[in-house]
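Supplied in structure tokens, the structure appears directly below.
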Amino acid sequence: MNENELMAELLLPDIKKTPEFYEALYPARKLPEGARVTRIAPSPTGYLHLGTLFAALVNRITATTSGGIFYTRIEDTDKKREIEGGIDDIIDGLNRFGISIDEGFVSGSQETGEYGPYKQSARAEIYRTYVKALIQKGLAYPCFCTAEELDQTRKIQEGEKLRTGYYGKWAKHRDITYEQAKALINGGKPFVVRLKSPGSEENKIIFEDVIKGKIEMPENDEDFVLLKSDGIPTYHFAHAIDDHLMHTTHVLRGDEWISSVPKHIQLFKILGFKIPKYGHISPIMKSDNGAKRKISKRKDPEAAVRFFAEQGYDSECVINYLMTIAASDFEDWRRANPDESYKKFKFNLKKMSVSGALFDENKLIDVSKNMIAKLSSGEVFTRLCEWAKEFDPEFYAVLTEDADYTKRVLAVDRDVAKPRKDIAKWSEAKEYFAYFFEDLYKPCVEMPENIAANDAKAFLTEYKAVYDPADDRQEWFSKIKEIAPKIGFAAETKEYKADPDKFKGHAGDLSTVLRISVTGRRNTPDLCGIMQVLGKDECIKRIENAINSI
RNA sequence: GGCCCGGUGGUCAAGAGGCCUAAGACACCGCCCUUUCACGGCGGUAACACGAGUUCGAAUCUCGUCCGGGUCACCA
């Protein structure tokens, strides 16, 4: 054995396999030409984040449009920051938003696929095998520096205004000998394994980012850590091994990774792996006192995807909004294909924005209103109940007490040619439909200032006598028009506008009186339709109540 | 501070040297339609960060300045 081989044996004596074993275990995927293999690799250090959802969407749709595979991999190499239930929350969240997963973790506890395990903590032996091979070739070495020592050199570098890091002459253990290492290990010293970087800062590397375009950076010359002292790899190393073995073709991740690309490219080259295509996704930003900053888990409630669920934003609407951010041509496509699933959209990574977009709730509201307006009342019923069941059980009870009635309520101004665009999120529905339900209805008979109480009373009394729930909209309104002149109101709005002084108001004002009496609201959808749903008895009751309390 | 990336209305954005008197969407404002509110229709306010250069011609190419973002861990 030569010195390098001795070193490898000293550092990783338990590793008996070779990289060839794993290369054979995970052969290339049999996929059609041009199929893209993508993935997200969340770490279970918190709940599903908007940025993660966004990245998942972009990865999912690039795999879909190319006939490829999208898989999930759990990056749980940092045991210190891991939180309980993190995996479940992330994967369940993806499922909830309709992001289907072909392979890897498909639920919090279940994984599928031929390229597993899909959890890094279960892959330790694989990483260590590759590290050992690197040491054998003299391409990696042990480093015994303590956190304090590293801190010390960083301070010196800062003092001298030098680039910080473990490189060049600062790489203390770069040339450590087998004998030296052996002595330290026998002395019980912990160590990490570092890459013996062959790079130089003088050299430039150029790579084509599939989203951002051509990027030029100095070559990596840092002897960064491959294996931490607990024997677990760093992200960089795990990324190279996993994405190679799992045959990822496109690494689409947050652009906070862009500065690590030189490290990654170097690693792939040294390991003899084919370099995947990289695409770096700009973060979703948030405006904070005029300043623009990346949306943050700690400060912003909407950073956790759960926020949208609680608010009652429909998951499909959120995805469609995210698509408008992901692809500048998505809105045009949506207008041209109003009924297609977003999955049919021909997504092009090059159309992605290079700079981060501000999260725009107004736009989300607009997208949501448009989408919800297109739903049938049955579909609205299903989704509303689904939401209420989880987030507003009381309302859920009201909605499901008489499902047929509720469906008729939801059908007002909905299953028609031009449905209302009124609801943006399910949490608004309770307030919006309250007057339909005994338990939620709060009578209010406060009439507009321009209508005298006597006139209101007189109108309601007359109207009550002729009211017929069988009337269609036209008949319904003509009855109001017939009463109008009798109490000094214009039957036609135009009449009134032509000479306002001649009238106390117009038929429209009287319909407002009726509206308030029946619903307690000044604004509602089509009143005639509402009264039909409410039924004769209820309407009469409410009208009488109004007459008595004005 | 070093290294990257970016900068078109309030927001998202089209834009590849002449088609730019700069599109569209959201938001906002006005008018019309209208049983209210919406919807819809019509219209309006509002932008190429700044300075040099290249060119007959620059939002577009180059350089500089300024501003914003990211990153510089045994975190991902």
Side-chain angles (χ1 to χ4, degrees), chain A residues 41-46 75-78 80-81 120 143 145-147 150-151 154 157-158 161-166 190-194 201 209 212-213 215-218 222 224-236 238-239 253-262 280 282-283 285 287 291-294 321 324-325 328-332 334-335 351 353-367 369-370 373 413 416-422 448 473 476-477 480-481 493 506-516 519 521-528:
Chain A
S43 60
T45 53
E75 310 237 320
D76 59 343
T77 55
D78 185 3
K80 292 187 287 281
R81 299 198 313 155
Q120 291 181 335
C143 166
C145 287
T146 61
L150 260 14
D151 213 42
R154 189 174 44 80
Q157 289 168 329
E158 278 169 359
K161 295 205 187 304
L162 292 169
R163 190 161 50 93
T164 58
Y166 198 91
F191 65 92
V192 300
V193 178
R194 287 182 184 271
E201 220 218 351
D209 187 287
K212 304 222 181 212
I215 293 173
E216 188 176 323
M217 278 195 211
E222 278 185 57
F224 60 92
V225 173
L226 266 20
L227 220 52
K228 297 186 265 186
S229 56
D230 57 5
I232 292 174
T234 56
Y235 169 85
H236 303 117
H239 153 55
R253 71 252 281 190
D255 76 356
E256 68 270 20
W257 287 111
I258 210 159
S259 56
S260 317
V261 171
H280 293 274
S282 306
M285 316 283 279
S287 178
K292 209 175 166 186
R293 51 149 239 260
K294 194 170 161 178
Y321 167 64
T324 68
I325 298 184
S328 59
D329 50 345
F330 180 74
E331 278 187 89
D332 286 338
R334 173 50 81 210
R335 255 188 296 280
K351 288 274 184 185
S353 170
V354 205
S355 49
L358 237 32
F359 176 79
D360 185 354
E361 194 165 2
N362 272 329
K363 194 82 182 184
L364 207 211
I365 288 171
D366 180 64
V367 169
K369 281 187 176 173
N370 277 301
D413 269 6
V416 293
K418 273 172 50 174
R420 294 177 69 82
K421 295 184 182 174
D422 40 15
R473 288 178 68 156
W476 174 88
F477 193 46
I480 294 173
K481 285 183 185 176
T493 315
H506 56 86
D509 294 324
L510 295 175
S511 73
T512 299
V513 171
L514 219 208
R515 171 170 286 110
I516 293 173
T519 67
R521 300 279 177 81
R522 284 193 181 200
N523 314 326
T524 70
D526 173 45
L527 223 207
C528 173

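Every chain is numbered from 1 and lettered A, B, ... according to where its sequence line falls, protein lines coming before strand lines.
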A/I516 CD1 to B/rC37 P: how many Å, rounded?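 Result: 12 Å.
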
Atom CG of A/D76 to atom P of B/rC75: distance rounded to whole Å?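 That distance rounds to 13 Å.
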
Counting N and O atoms only, with roles assigned by atom type, does the side chain of A/D509 sit under 3.5 Å from a partner on the main chain of A/H506, one being a donor and the other an acceptor?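 Pair found, side chain donor or acceptor close to backbone of A/H506.
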
Are A/R194 and A/E222 ion-paired here, with the side-chain N under 4.0 Å from a carboxylate O?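 Looking at A/R194 and A/E222, the cut-off is not met.
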
Can you tell if the side chain of A/F477 reaches within under 4.5 Å of the side chain of A/K481, non-hydrogen atoms only?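 With C-beta onward as the side chain, the pair touches.
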
Close N or O pairs between protein and nucleotides 60-69 of chain B (under 3.5 Å):
{"from": "B/rG69", "atom 1": "OP1", "to": "A/K292", "atom 2": "O", "distance (Å)": "3.1"}

Just checking A/P190: base, sugar-phosphate only, or nothing, at a heavy-atom cut-off of under 4.0 Å?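 Nothing, no heavy atom under 4.0 Å.
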
How far does the C1' atom of B/rG24 sit from the matching atom of B/rA47, given to the nearest Å?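 Their C1' atoms lie roughly 14 Å apart.
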
Determine yes or no for a side-chain-to-main-chain donor-acceptor pair under 3.5 angstrom, with A/K421 supplying the side chain and A/D366 the backbone.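 Not confirmed, A/K421 side chain does not pair with A/D366 backbone.
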
Base paired to B/rU65 (Watson-Crick or G-U; both N/O distances under 3.5 angstrom):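 Base partner found: B/rA49.
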
Let's test this: given Watson-Crick or G-U wobble pairing with both distances under 3.5 Å, identify the partner of B/rA13.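 By the stated definition (distances under 3.5 Å), nothing pairs with B/rA13.
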
Distance check needed: B/rC3 P versus A/E256 CD, whole Å only.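 The distance from CD of A/E256 to P of B/rC3 comes to 22 Å, rounded to the nearest Å.
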
B/rG15 versus B/rC61 - spacing of their C1' atoms, nearest Å: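 Those two atoms are separated by 15 Å.
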
Counting any heavy atom closer than 4.0 Å, what does A/T45 reach on the DNA or RNA strands: base, sugar-phosphate only, or nothing?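 No contact.
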
Does A/D422 pair with A/K369 as a salt bridge, N-O distance under 4.0 Å?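 Salt bridge flag = no for A/K369 with A/D422.
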
From C-beta outward on A/N523, which listed nucleotide comes closest to its side chain: B/rC39, B/rC4, B/rU36?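 Looking only at side-chain atoms, A/N523 lies closest to B/rU36.
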
Taking atom C1' in both B/rA16 and B/rA25, what distance in whole Å separates the two?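 Between the two C1' atoms, the distance is 23 Å.
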
Can you tell me if the side-chain N/O atoms of A/K421 get under 4.0 Å from OP1 or OP2 in B/rC37?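 A/K421 to B/rC37 OP1/OP2: no side-chain N or O under 4.0 Å.
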
If you pin A/E222 and A/R81 to their nearest nucleotides in RNA chain B, which one's is more 5'?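 Mapping each residue to its closest nucleotide by heavy atoms, the 5'-most match is A/E222.
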
Once each nucleotide of nucleotides 43-50 of chain B is scored for protein heavy atoms under 4.0 Å, what B/S/- sequence comes out, 5' to 3'? --------

Assign A/S229 to base, sugar-phosphate, or nothing according to its heavy-atom contacts below 4.0 angstrom with the strands shown.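 The answer is base, as A/S229 lies within the cut-off (heavy atoms under 4.0 Å) of a base atom.
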
Check for a donor-acceptor pair, side chain of A/T324 on one end and backbone N or O of A/E331 on the other, with a separation under 3.5 Å.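 Looks like no, no N/O pair under 3.5 Å.
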
Please measure how far the P atom in B/rU60 lies from the corresponding atom in B/rG18, and state the result in whole Å.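 Comparing P positions in B/rU60 and B/rG18 gives a spacing of 11 Å.
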
Can a donor-acceptor pair be found, under 3.5 Å and without considering hydrogens, that links the side chain of A/E201 to the backbone of A/P218?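 No, the answer is negative, given that no donor and acceptor are paired below the 3.5 Å cut-off.
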
Please work out if A/R334 contacts a base, only the sugar-phosphate, or nothing of the nucleic acid, heavy-atom cut-off 4.0 Å.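 If one applies the 4.0 Å heavy-atom cut-off, A/R334 turns out to touch nothing in the nucleic acid.
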
In the structure shown, which nucleotide is the Watson-Crick or G-U wobble counterpart of B/rC19, with both distances under 3.5 Å?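 Pair assignment: B/rC19 / none.
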
Taking the same atom, P, in B/rU45 and in B/rG69, what whole-Å distance lies between them?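 Nearest-Å result for B/rU45 against B/rG69 at atom P: 32 Å.
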
With A/Y166, which residues qualify under side chain to side chain donor-acceptor pair (under 3.5 Å), at least two apart?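 None.
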
B/rU36 C1' sits how many Å from A/D422 CG, rounded?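 Those two atoms, CG and C1', are 14 Å apart.
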
Please give the nucleotide sitting opposite B/rG40 as a Watson-Crick or G-U wobble pair, both distances under 3.5 Å, or none.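 Partner of B/rG40: B/rC32.
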
Sticking with atom C1', work out how far B/rU8 lies from B/rA13, rounded to a whole angstrom.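 Straight-line distance between the two C1' atoms is 9 Å.
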
Rounded interatomic separation in angstrom, taking CZ from A/R253 and P from B/rU71: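 Distance check: A/R253 CZ to B/rU71 P gives 13 Å.
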
Selected nucleotide, minimal atom distance to A/S260 side chain, candidates B/rC74, B/rA76, B/rA73: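 Selected nucleotide (nearest to the side chain): B/rA76.
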
Should A/S353 be listed as having a side-chain N or O under 4.0 Å from OP1 or OP2 of B/rA13?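 Looking at the OP1 and OP2 atoms of B/rA13, one of them is under 4.0 Å from a side-chain N or O of A/S353.
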
Please determine if A/D526 and A/R420 form a salt bridge, counting it only when a charged side-chain N lies under 4.0 Å from a carboxylate O.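 Answer for the salt bridge query: no.
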
Will you find, in the side chains of A/R154 and A/T164, an N or O donor that is under 3.5 Å from an N or O acceptor?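 Looking only at side-chain atoms, A/T164 and A/R154 do not form any donor-acceptor pair under 3.5 Å.
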
Separation between the P atoms of B/rU21 and B/rG6, rounded to whole Å: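 Comparing P positions in B/rU21 and B/rG6 gives a spacing of 27 Å.
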
Show the distances under 3.5 angstrom between N or O atoms of the protein and N or O atoms of nucleotides 14-16 of chain B.
{"from": "B/rA14", "atom 1": "OP1", "to": "A/S328", "atom 2": "OG", "distance (Å)": "3.0"}

Hey, are A/E158 and A/R163 close enough for a salt bridge, meaning a charged N less than 4.0 Å from a carboxylate O?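 Here A/E158 does not pair with A/R163 in a salt bridge, since their nearest N and O are not under 4.0 Å apart.
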
Just checking A/I480: base, sugar-phosphate only, or nothing, at a heavy-atom cut-off of under 4.0 Å?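 The residue A/I480 makes no contact with any strand.
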
Atom OH of A/Y235 and atom C1' of B/rU71: how far apart are they, to the nearest Å?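 About 14 Å, once rounded to whole Å.
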
Using a cut-off of 4.0 Å on non-hydrogen atoms, how would the nucleic acid contact of A/T524 be classed: base, sugar-phosphate, or nothing?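 Result for A/T524 = base.
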
Report, as a single string ordered 5' to 3', how protein heavy atoms within less than 4.0 Å touch nucleotides 28-35 of chain B: B base, S sugar-phosphate only, - not at all. ------BB

Interface polar pairs with nucleotides 24-27 of chain B, N/O, under 3.5 angstrom:
{"from": "B/rA25", "atom 1": "O2'", "to": "A/E331", "atom 2": "OE1", "distance (Å)": "2.8"}
{"from": "B/rA25", "atom 1": "O2'", "to": "A/K363", "atom 2": "NZ", "distance (Å)": "2.7"}
{"from": "B/rA25", "atom 1": "N3", "to": "A/K363", "atom 2": "NZ", "distance (Å)": "3.4"}
{"from": "B/rC26", "atom 1": "O4'", "to": "A/K363", "atom 2": "NZ", "distance (Å)": "3.3"}

Under 3.5 Å, is there a donor-acceptor pair between the side chain of A/S282 and the main chain of A/V354?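 Present.
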
Can a side chain N or O of A/K80 be found less than 4.0 Å away from OP1 or OP2 on B/rA73?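 No, A/K80 has no side-chain N/O under 4.0 Å of OP1/OP2 on B/rA73.
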
Taking atom P of B/rG70 as reference, at what distance in whole Å does atom CD1 of A/I258 sit?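 Nearest whole value for this atom pair: 13 Å.
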
If we take the P atom in both B/rC50 and B/rG7, what is their distance in whole Å?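 Here B/rC50 and B/rG7 have their P atoms 14 Å from each other.
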
Does B/rG1 pair with anything, Watson-Crick or G-U wobble, both distances under 3.5 Å, and if so, with which nucleotide?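 Its partner is B/rC72.
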
A/V225 near the nucleic acid: base, sugar-phosphate alone, or nothing, with a heavy-atom cut-off under 4.0 Å?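 Contact class for A/V225: sugar-phosphate only.
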
Centroid separation A/F224 to A/Y235 less than 6.0 Å: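 Not close enough - the centres of the two rings lie 6.0 Å or further apart.
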
Parallel, tilted or perpendicular, as decided by the 30° and 60° cut-offs, for the rings of A/W257 and A/H236: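 Perpendicular: the ring planes of A/H236 and A/W257 meet at over 60°.
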
Any base atoms under 4.0 Å from A/E216, or only sugar-phosphate, or nothing? Heavy atoms, all strands.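 Sugar-phosphate only.
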
Gap between atoms NE2 and P, on A/H280 and B/rA76 respectively (whole Å):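 Rounded to the whole Å, the gap is 17 Å.
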
Please work out if A/R163 contacts a base, only the sugar-phosphate, or nothing of the nucleic acid, heavy-atom cut-off 4.0 Å.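 Contact class for A/R163: none.
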
Select from A/K228 and A/P218 the residue whose nearest nucleotide in RNA chain B is closer to the 5' end of that strand.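 Nearest nucleotide further toward 5': that of A/P218.
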
